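Keep in mind that what you see is a predicted model, and the values were worked out from it rather than measured. Letters A, B, ... are given to chains in the order of the sequence lines, protein chains preceding strands, and every chain is numbered from 1.
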Amino acid sequence: MSPENASLRELSDALAAGKLSSVELTQAFLDRIAAANPRLNAFITVDPEASLAEARRADERRASGTAGPLTGIPVAHKDIWCARGWRTTCGSRMLANFTSPYDAHVVERFAAAGAVLLGKCNMDEFAMGSSNETSWFGPVRNPWNPDFVPGGSSGGSAAAVAARLAPAATGTDTGGSIRQPAALCGISGLKPTYGIVSRYGMVAFASSLDQGGPFAKSAADLALLLNVMAGFDARDSTSLEREPEDYTRCLAEPVAGASAGRPLAGLRLGLPRQYFGEGLSPDVARAVEAALAELRALGATTKAIDLPASDLAVPAYYVIAPAEASSNLSRFDGVRYGHRAAEYGDLIDMYCRTRAEGFGAEVKRRILIGTYVLSHGYYDAYYLKAQRIRRLIADDFARAFGEVDMIAGPTSPTVAFRLGAKTADPVQMYLNDIYTIPANLAGLPGLSIPAGFGEGGLPVGLQLVGNYFDEARMLGVGHQFQRVTDWHERVPPGY
Amino acid sequence: MKWETVIGLEVHAQLSTRAKIFSGAPTAFGAAPNTQACAVDIALPGVLPVLNRGAVERAIRFGLAIGATVNRTSIFARKNYFYPDLPKGYQISQYERPIVEGGAIRIVTGAGEKTIRLTRAHLEEDAGKSLHEDFHGMSGIDLNRAGTPLLEIVSEPDMRSAEEAVAYARALHTLVRWIDICDGNMQEGSFRCDANVSVRPAGVAALGTRCEIKNLNSFRFLERAIEHEVRRQIAVIEDGGRIVQETRLYDPDRDETRSMRSKEEAHDYRYFPDPDLLPLVVPAAWIERVRAELPELPEAKRDRYVREWGVTAYDAATLTQSREMAGYFEDVVAAGVEAKLAANWVMGELAAALNRSGLEIGASPVASGALAGLLARIRDNTISGKIAKEVFDAMWAGEGTADEIIERRGLRQITDAAAIEKLVDEVLAANPKSVEEYRAGKEKAFNALVGQVMKATKGKANPAAVNELLKRKLSG
């Protein structure tokens with residue numbers, strides 16, 4: 001077993017059996033990063049000494065017998081999570097000099113589990129983007145083809161896991177920022193139900209939509225990671241206080257009483273007509289249809305459903321998310337931390353220059369949109385109306401879950417596109433998230449798993465959207481699919 | 001032309017929670033700059049607000065105390081604007097759905113009693129402070145105050161004079177301390193007033209254009225600023241000008257208001273519900289618990305003192321200016337002292353002595369029980385009211401209880417009729433002129449003779465007994 005292709009369970013067993021130390025494992029991944037990152041640009045910050053120190057502590061913990069399943073396993077964090085002593089840039093010049101004095105809840109949870117912080121991953125600036133091209137630190141390359149984007153905004157995390165530079169990584173998903181890059185890089189990614197993973201310490205983009213989640217090769221790995229990431233946090237008022245769950249509990253048997261040969265027997269999958277119509281690339285459609293056939297072979301039934309408000313999701317999202325962002329990003333004013341213009345006249349000039357220099361074009365565009373839609377006289381026409389659409393979209397899903405157990409479809413309408421192909425046309429860029437945004441607006445969990453390859457040998461993702469808190473069963477369905485397919489085990493050539 | 005003044009007040013009362021409204025940092029006043037500002041207060045990337053239930057409970061208490069509606073659901077909104085002492089670039093406040101709506105407060109002025117209606121009261125966070133001195137062309141930012149909980153209390157434009165505005169502000173000031181939600185310290189900014197002032201020709205129903213005066217941190221400034229602003233507005237209109245809606249700043253040093261920003265320059269605050277905070281839902285049981293724990297309120301006490309104890313309305317108002325004073329007074333009455341006598345002493349000797357020493361009533365060296373002990377000695381004729389004042393001073397100085405001091409100093413009234421008669425005879429013999437004058441019809445001469453007797457007894461004779469005896473002797 002080569003560690004980079006091993007599952008988290010296999011790595012955990014190897015560490016437990018003493019076949020491997022965390023220091024060796026961490027060093028192996030650091031070596032891979034050193035070799036590949038100049039090409040991929042998946043990491044913004046790597047600090048081998050800090051990581052190896054954590055690995056040594058993990059080995060001590062293993063030795064003392066207090067290890068958990070993830071103790072000693074390296075995990076990369078999207079650079080949106082504050083980690084004490086680590087530079088936390090959010091992909092922006094604005095925070096290029098910001099070292100966090102505190103840990104995000106998610107970072108704390110991984111540290112408490114004994115995971116090793118392997119580095120901070122590149123991302124679209126302030127998580128605004130679908131291609132990882134808006135990063136101040138440069139674009140991330142897709143490991144399957146360096147001329148293509150990895151998706152975004154968590155492009156660095158997805159590329160790192162796909163290129164086997166990290167066994168697992170964290171991301172955040174506001175409109176598809178975990179699921180879309182997971183699909184475009186050929187790995188598994190989960191956006192949990194809103195409120196399951198604390199947002200404390202995650203640099204806010206759109207607070208009512210942002211949700212952290214894991215990236216890994218497989219659904220089974222995601223379950224182990226979610227066990228660590230999820231949990232109530234009193235510091236986040238939108239964090240849900242629930243009994244802790246074991247998200248691995250449905251891996252072996254997602255449908256109670258189903259036979260081993262047909263483990264998904266009884267599972268009703270809804271296929272939204274709106275997700276299979278115009279705009280869906282034929283190559284993606286073919287791969288998704290094949291994956292659905294596989295799921296049917298496992299016992300699932302599929303039926304067409306309607307999510308009539310789907311058309312309104314992208315416009316509503318591009319009102320709500322920029323509105324919240326315009327306010328969330330006001331704190332970056334050059335007064336207390338982060339970038340401040342070197343030369344300025346009065347206070348207003350300091351603000352203007354600082355923000356003009358510190359933010360990139362996409363961030364500015366969204367701040368402008370958000371400021372506009374919240375302005376006096378426009379609020380009702382835009383923000384309030386968008387919130388009403390949001391309710392319609394949630395109602396669509398509620399109706400759908402009256403007749404099906406889960407919704408299946410493509411994660412993204414196309415495979416990865418070339419760097420620069422869509423940078424001149426923001427609307428085309430925004431349409432990448434047409435299938436992922438509705439789950440954010442409704443607060444529902446969404447899973448993307450590898451489902452084959454399309455044009456140019458680039459990966460295709462299958463998306464499952466479940467009802468609230470249905471993550472364990474969704475991961476079970478994903479796991480059963482991955483028992484009979486090997487798309488998730490495919491490694492990009494050269495890695 | 002005769003003008004009518006219309007005033008509405010916005011009061012920011014700092015709620016007396018130990019921690020801030022959305023973080024765990026302490027709220028104590030006067031700490032070194034930026035030592036009481038945590039990650040949330042300085043708005044580091046990624047931090048989130050968590051509502052302090054103590055602040056909510058205080059707002060509920062206020063709402064119940066003024067007979068307002070406590071909204072079961074209220075919404076926190078973001079008020080967006082850039083300022084260096086506003087770390088997030090927005091203030092978390094309540095906009096469309098405040099926690100408290102309606103209610104009223106009764107005020108007493110020279111013209112009598114009046115009811116002032118309240119519009120609303122909402123929870124919000126305070127900003128930090130910009131410090132422009134001592135930084136040589138730069139500004140310092142102190143974020144200790146950032147995130148301090150405030151209750152913004154907005155009145156209807158029901159006041160018609162600076163006097164009424166001050167009476168309202170004072171009534172509010174009394175109330176917030178009474179129900180223990182705000183320390184009321186105006187120097188430290190715990191209780192700040194903004195006044196909306198307009199004038200209109202008497203008899204006209206439509207409101208004039210208003211100006212908002214900010215920065216009124218004492219009742220005196222409130223009164224003077226309103227008076228100045230009313231004069232200014234009348235002068236502008238009478239000179240043929242128009243009042244421009246604007247925010248004005250009161251400068252106490254020059255006793256004038258000056259323009260801060262016009263309506264056109266006003267910010268577009270882009271209010272929207274804060275997605276980091278869920279709607280604030282207050283269960284009925286919470287409201288009922290707070291209601292059950294409310295103390296008797298000043299207005300109710302005032303009415304009760306008048307109705308049950310025959311205290312005058314004026315005295316009742318004075319006695320209920322603070323909960324401590326009312327409590328002290330009630331304790332004295334509870335110890336068996338007649339209410340009017342207790343009221344006279346609490347508002348008279350005690351208040352004067354406290355004032356001289358700069359003490360709050362809670363720190364009085366003469367406790368309520370001790371004062372009741374003294375007043376009992378007046379009632380049972382052991383000492384006169386005049387001697388009682390001497391005893392009170394000795395008690396204030398810590399010389400012991402009333403009885404101890406009376407004994408030690410031999411201040412007991414002389415009630416022995418024979419002893420008093422002997423002294424009366426001596427005084428009459430020694431003052432033939434006064435006796436003659438009295439008999440000639442001069443009442444004053446009688447008082448002089450009483451004074452002589454009292455002097456001879458060092459004030460210890462019972463004045464009533466002396467009077468009676470003298471009258472008998474002189475008419476005999």
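Comparing A:Gly334, A:Ser208, A:Ala104, A:Gly201 by how many heavy-atom pairs each has under 4.5 Å with chain B, the most go to A:Gly201. For the options B:Ala43, B:Pro275, B:Pro49, B:Pro45, heavy-atom pairs under 4.5 Å to chain A are most numerous at B:Pro45.
Interface residues of residues 10-27 of chain B toward chain A, defined by a heavy-atom distance below 4.5 Å: none. At a heavy-atom cut-off of under 4.5 Å, chain A is reached by B:Arg78, B:Asn80, B:Phe82, B:Tyr83, B:Pro84, B:Pro87, B:Lys88, B:Gly89, B:Tyr90 from residues 76-92 of chain B, listed in order of number.
Proximity to chain B is limited to the backbone of A:Ala323, based on heavy atoms less than 4.5 angstrom apart. Residue A:Arg336 touches chain B through its side chain alone, counting heavy-atom pairs closer than 4.5 Å. Of the two parts of B:Asp268, only the side chain, counted from C-beta on, holds a non-hydrogen atom closer than 4.5 Å to a non-hydrogen atom of chain A. With a 4.5 angstrom heavy-atom cutoff, A:Leu347 touches chain B only via side-chain atoms. Heavy atoms of A:Tyr378 lying under 4.5 Å from chain B are absent altogether. Neither the backbone nor the side chain of A:Ser100 comes within contact range of chain B; no heavy atoms are under 4.5 Å apart. Within the 4.5 angstrom heavy-atom criterion, no atom of A:Leu384 approaches chain B.
B:Tyr269 and B:His267 have tilted rings, their planes meeting at an angle from 30° to 60° on a 0 to 90° scale.
Taking OG from A:Ser198 and CG from B:Leu48, the interatomic distance works out to 6.5 Å, rounded to the nearest 0.5 Å. To the nearest 0.5 Å, the span separating OG1 on A:Thr172 from CD1 on A:Ile178 amounts to 6.0 Å.
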Exercise. Going through the distances and angles, do A:Tyr382 and A:Tyr372 end up as a ring-ring contact (aromatic ring centres under 6.0 Å, His included)?
Worked result: CA-CA 9 Å; A:Tyr382 292 106; A:Tyr372 179 80; 5.7 Å; yes

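Within the 6.0 Å centre-distance limit, the rings of A:Phe359 and A:Phe126 are counted as a close aromatic pair. When ring centroids are compared, A:His77 and A:Phe110 come within the 6.0 Å threshold.
Stacking of A:Arg84 on the aromatic ring of A:Tyr102 is not recorded, the 6.0 Å distance cut-off and the 45° axial limit not both being met. Cation-pi geometry between B:Arg270 and A:Tyr379 is not met at under 6.0 angstrom from the ring centre and within 45 degrees of the axis. With B:Trp286 as the aromatic partner, B:Arg53 meets the cation-pi criteria of under 6.0 angstrom to the ring centre and within 45 degrees of the ring axis.
Side-chain contact between B:Glu125 and B:Thr148: absent, with no pair of heavy atoms (C-beta onward) separated by less than 4.5 Å.
Heavy atoms only, all atoms of each residue included: A:Lys78 and A:Thr170 are closest at N-OG1, 3.2 Å.
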